[in-house]
Visitor: 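Structure below; questions to follow.
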Amino acid sequence: MASKQNLAKFPAKFSRHFFFRATFPFVMLMLMLIWATSALGQATSDGYVSYTNDIVPSVPWSIHIVKIDRTARNVRLCTGLGGGNFLGMGIVSDQVKAVPAGGGSPLAAINGDFYEKARQYPGRPRDLQIRNGEVLTQPTGHACFWIDSAGNPQMTNIISRFRVIWPDGQSTPFGMNSDRTNGTLILYTAVLGASTLTDGGLEYVLEQSPGNDWLPLRAGRIYQARVRRINHLGNSPIEPHTVVLSLSSDLTNQVPPLKPGDTVQLSTESIPDLSGVEVAIGGGPTLVQDSQIMSWKGWVHLPQPRTALGWNKKYIYLVEVDGRQLDLSLGMTFTQLAKYLHDLGCEQAMNLDGGGSATLWAFGEVKNSPSEGQERPAPNSLVLVTSTPVAAAK
Amino acid sequence: MAAVLIIGFPAENISAAPVLLADVFYTNVVVAEIPWSIQLVTIPRNNRLFEIQSFHATGRAVGLDTLSDQVAAAATETWVPVAAINGGFFLRDYSQTNAYAGSSRGLQIVNGEVFSAPDGDATLWLDYSGQPHAANVASHFEITWPDGHSTPFALNGPRTNNEVELYTATAGSSTHTSGGRELVLESPAGGPWLPLRMDREYSARVREIQPNGDNHLFPDTMILSIPSGMTAQFQTVSTGAVLRISTRSLPALFTAKTALSGGPLLVHNGSPQRIRAAPDAPYEFSSMLERHPRTAFGWNDTAFFLVQVDGRQKDLSLGMTLAELSDYLVKLGCTDAVNLDGGGSSCLWFDGKVRNSPCDGYERGIANSLLVLRKHLTTSESPAGLTHADALRERNTQNGL
C-alpha cells in the first residue's frame, strides 16, 4: 500500500527535474508507467472506494479522483468543519480528525465551500452547511450539494425561508452564525463558540419551550422557543441548550418587543424542503446537470486548481485538479472541468472552492499538490467516512 | 483564488484643470505608465443640498437609454443633475422583440418604490437620511396562499418557466407574457398598497383570473403571472381569495429610499475585498481578473466617490482588474465601495456631458444609473418624497407597530 501511495505522489515531487531534461520518449514511457500504476489506485478492504491519480501529460494535468460505489453500505458522506466541531478555518487534514456523530473513520475528503473574509467570524462558509443533521448556516442561494432523506445525492440552489415568527404573526428573515450587519437578525448557535461576539444591539437568549422539539436545529422545521434572558450589551454567552437571537441596533424598534417567558417560532424551512437532510454543503457553480455540460457564455476563464464532486447512478466522485504548477498541472477552466467530469461519467456535478484551497485527502494523507506549497485552511469539507475501522495508512 | 496583488500605484497626472462645482469635485486622473484614464467625482456627505438617487431608463422597470438621456429625463424643477454613473447589470438584449431588455439584475429601489427584486448579490442602498449601506441582499419575497403555503416570486422581469412573476404598472402597459395564467390583484379596502415598498406585508385580493398571458397593467392593480408549467399547483385559487405578499429581505431594507444591485463589494470597512473566483454569476464575475472598463461607487465618513475607469483602448486606458480597482478605491480613501456594471456600459457624466471615452465608441443604452442631484436653490424648501422619520412612521403603521 505504501509504495502505491508514493507512486501516486511521484509526479508532484519529481516532475520539475524530469520534464525539462528528459527526452520525449522517456517522458512518455515514464508517464505510462505512472498512469498504469496509479490507475490501479487504492481500495478499502471492501473495494468500494478507490483513489486514482489521473495524469494528462499533454497539458499537463494532474487529477486526483476518489470513486465511491453508491451500493456501499458501510460508507457515508458527512461535512467537516474548519474548527473541528466549531466554525473556523482549518486544513482538511485536521478537519477529518473530528469524528462525526455515529462514529467511524475518515476515508477521503475534499475542501468545501467558498467563504467570506470576516474578522469576527472566520471560517463562516458562504452558503448552507448541514452537519450530522444540524443546520449551521442558512442557504444564500448558490448551488448546494445535499443528500436527501432517501440517501440520494441532490444539487439545487436553495432559497432560505429561515425566519422568526413573532407572537403577532409577523415574520423577519434571519441569518445564522454570521456578521450582524445593519438590518440583520442573526441566530447564533453553539457551533460558533462561547459567545456571539456582537457589540450592542438586542439579544434574546432562547431556550426550549417545554414539550417541544429543540436543539440541534434541523432543516425544514418550525421550532417553539422561549425567551430566557434579554441582553442589550451584545456578546451574549451561548449557554448549553440555548441559542441567541441577535438584532442589529437599527432593527430593534422594527420588530415586536419580547419579554422573558414569551415564545417565538424559529423556522428553518427552505425551498426546496430539506426535512430530514443530514448532509448539505454549498459551492457552485453547477458544472454538469442531467448529463448536460453547463455553458458559460462570454466567459474568458483562467485555468485554476479546482475541486468538484459529481455522480451518476452507480458512483460518486470527489475530484481535485491541481493547477498553477507549470511542470505538474496547469489547472482547468470551468468548461474543461465540466467536460472532464462528464467524460468521467458524471450525470450531475458541482464545483467547490478551488485555487489554493483545492485539496484532496485520502487514506491518511493529502494526495494532491496544493498550489501554495502547503494546505490552505478551508471553512468546511466533504468527508467520506467508513463505519468499518481501517488501519491508519502511514 | 488569485491573491490580490498589492501594487504600488504609478505616477498620476491630472489631465485637465480639476473642477470644483458647488462643493462637487471632478477630475480626470491619468496614469500614463499603464495607461489608465480615470474619471473621478467626489461629493461631500454633509451637504444636504445633494442627494443620490437611482434612475431607470424610461422611468419604468424595463427599457434602455443612454446615461445622458437618463440624466436629462431625471432633471426636475426641484432637482438638478450634477453628476451620474451607469448602474447595475441588466438583461442585455437589444432586439426590438424583447419587452424585457433593460430589466435590472437584482434589486432596484427608486424613491422608496421597489422596481425589481433582490437576487442575493451585493447591493448598494441609501436610506431616507442619506446614509449609504452595502451588503449581499437575499430575497424573501413571497406570496402566501389562502391555504398557508407560500411561493417565492420575482418582480417586473421576464417570467421564467419555474418562477412566478409579480408585475406592477412600473413594468409597463402589459405583462408581455405568453400563456400561463395571470391573477389580477387589487387592494382589499384599507390596507397598505402601491407603490410596492421593501420589508412590508401586503394583503391582495384576486379580482379576476385570466387564462392567458399579456394582460394590461394599471396603476392600482398588480398581476401575478404563473407560467404554464406551474398552473396546476394553483388550481384552487379562486376570484375573491386574499393572498399575502411579503417584500422581506435579509438584511431588512426598511429604510431604503434608493438601491441598486451590482457587485461584488470592492471595499468593506476600509479593507480591499479579496476578489475570489467563485463565479456563479455570469460574465461580469469571471472577467474580474481581467482589465476592463469599470464603474464603482464608494464612500468614507466625509464623501461619496463616483469612479470610472476607461478600458480596452490601448493608447488611452487599459481598464482595471477588480483587484486593481479595489486598491485604487482604498488609495482614494474609500472605506466602502461597490462595483457596478462595466465594459461598454461604463460611463460617467458630469456637469452637462459624458466625460469618459466609452469603449464601444458611443454611449451604450443601459438599464439604470446612479445620479447626484442638487436641490434647486430658488425653489421652496420642501423636498419631494418622505423624510427618514416619515418613512419609519409609515412603515410601522402599515405593519401594525
Side-chain angles (χ1 to χ4, degrees), chain A residues 113-119 126 138-143 157 159-163 168-175 181-186 248 250-251 253-256 269 271 283-286 296-302 304-306 323-324 333-334 351 353-358 371-372, chain B residues 1-3 92 118-121 125 127 131 133-142 144 149-152 163 198-199 201 244 246 248-256 265 268-269 271-274 276-287 289-290 292 343 392 395-396 399-401:
Chain A
D113 199 356
F114 302 90
Y115 55 96
E116 276 143 31
K117 205 175 68 174
R119 272 177 225 145
R126 187 180 68 164
Q138 89 281 9
T140 57
H142 308 92
N157 295 40
I159 300 169
S160 170
R161 283 296 174 263
F162 286 25
R163 64 196 190 282
D168 68 356
Q170 297 267 343
S171 65
T172 306
F174 69 80
T181 53
N182 283 334
T184 57
L185 178 61
I186 305 292
S248 62
D250 60 340
L251 210 55
N253 57 358
Q254 296 298 311
V255 300
E269 295 169 305
I271 303 161
T286 299
W296 290 272
K297 190 181 169 190
W299 282 30
V300 185
H301 292 292
L302 298 173
Q304 300 285 5
R306 306 279 182 195
R324 301 181 188 160
T333 64
F334 279 103
N351 183 59
D353 192 12
S357 303
S371 64
E372 292 173 3
Chain B
M1 297 197 301
R92 249 193 84 188
D119 67 351
D121 282 343
W125 74 95
D127 61 30
Q131 302 305 306
H133 309 265
N136 292 328
V137 178
S139 170
H140 280 242
F141 282 23
E142 65 184 6
T144 303
H149 97 272
S150 54
T151 308
E163 191 160 41
M198 287 298 284
D199 203 44
E201 282 190 20
R244 298 287 294 169
S246 164
R248 308 272 189 204
S249 64
L250 180 71
L253 266 61
F254 53 91
T255 57
L265 296 179
H268 184 57
N269 292 336
S271 304
Q273 295 300 284
R274 187 156 163 260
R276 314 188 73 248
D280 311 70
Y283 172 74
E284 70 277 4
F285 218 125
S286 71
S287 61
L289 300 172
E290 304 159 359
H292 288 291
L392 283 180
R395 179 210 175 263
N396 291 346
N399 284 341
L401 293 174

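From a predicted model like this one, the values you see are computed outputs, not experimental measurements. Letters A, B, ... mirror the listed sequences (proteins, then strands); counts begin at 1.
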Visitor: Give, for atom CG of N269(B) and atom OG1 of T181(A), the distance between the pair rounded to the nearest 0.5 Å.
Guide: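 So the gap between those two atoms works out to 10.0 Å.
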Visitor: Please classify the contact of E269(A) with chain B as side chain, backbone, both or neither, using a heavy-atom distance under 4.5 Å.
Guide: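 Neither part.
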Visitor: Is L185(A) close to chain B through its backbone or its side chain, or both, or neither, when contacts mean heavy atoms under 4.5 Å?
Guide: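 Interface part for L185(A): backbone (N, CA, C, O).
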Visitor: Suppose we screen for side-chain contact (heavy atoms from CB on, under 4.5 Å). Which residues come up paired with A134(B), at least two apart in sequence or across chains?
Guide: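 For A134(B) the side-chain contact (heavy atoms from CB on, under 4.5 Å) partners, ignoring immediate neighbours, are L265(B), W299(B), V338(B).
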Visitor: So how far is it from Q131(B) CD to N182(A) CG, rounded to the nearest 0.5 Å?
Guide: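 One finds 10.0 Å between CD of Q131(B) and CG of N182(A).
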Visitor: How long is the span from the OG atom in S246(B) to the CZ atom in R163(A), to the nearest 0.5 Å?
Guide: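 Answer rounded to 0.5 Å: 9.0 Å.
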Visitor: To check you understand the geometry: which heavy-atom pair defines the closest contact between H140(B) and S160(A), and what is its length?
Guide: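 Closest pair (atom of H140(B), atom of S160(A), distance): CE1-O, 3.3 Å.
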Visitor: Report the distance from atom CD of E142(B) to atom OG of S171(A), rounding to the nearest 0.5 Å.
Guide: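 One gets 7.0 Å once the value is rounded to the nearest 0.5 Å.
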Visitor: Atom OG1 in T140(A), atom CG in N136(B): separation rounded to 0.5 Å?
Guide: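 Answer for the OG1-CG pair, T140(A) versus N136(B), is 8.0 Å.
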Visitor: Minimum heavy-atom separation for I159(A) to P152(B), with atom names?
Guide: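 In terms of heavy atoms, the two residues are closest at CD1-CG, 4.2 Å.
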Visitor: I'd like to check the side-chain contact (heavy atoms from CB on, under 4.5 Å) partners of S139(B); sequence neighbours left out, ordered by chain and number.
Guide: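 Testing S139(B) for side-chain contact (heavy atoms from CB on, under 4.5 Å), a comparison that skips the adjacent residues, returns P118(B), F141(B).
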Visitor: Among N157(A), T172(A), D250(A), which residue has the highest count of heavy-atom pairs closer than 4.5 Å to chain B?
Guide: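 Among N157(A), T172(A), D250(A), the one with the most close pairs to chain B is D250(A).
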Visitor: Heavy atoms only: give me the nearest P173(A)-S249(B) pair and the separation to one decimal.
Guide: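 Answer, listing the atom of P173(A) first, then S249(B): CG-O, 3.7 Å.
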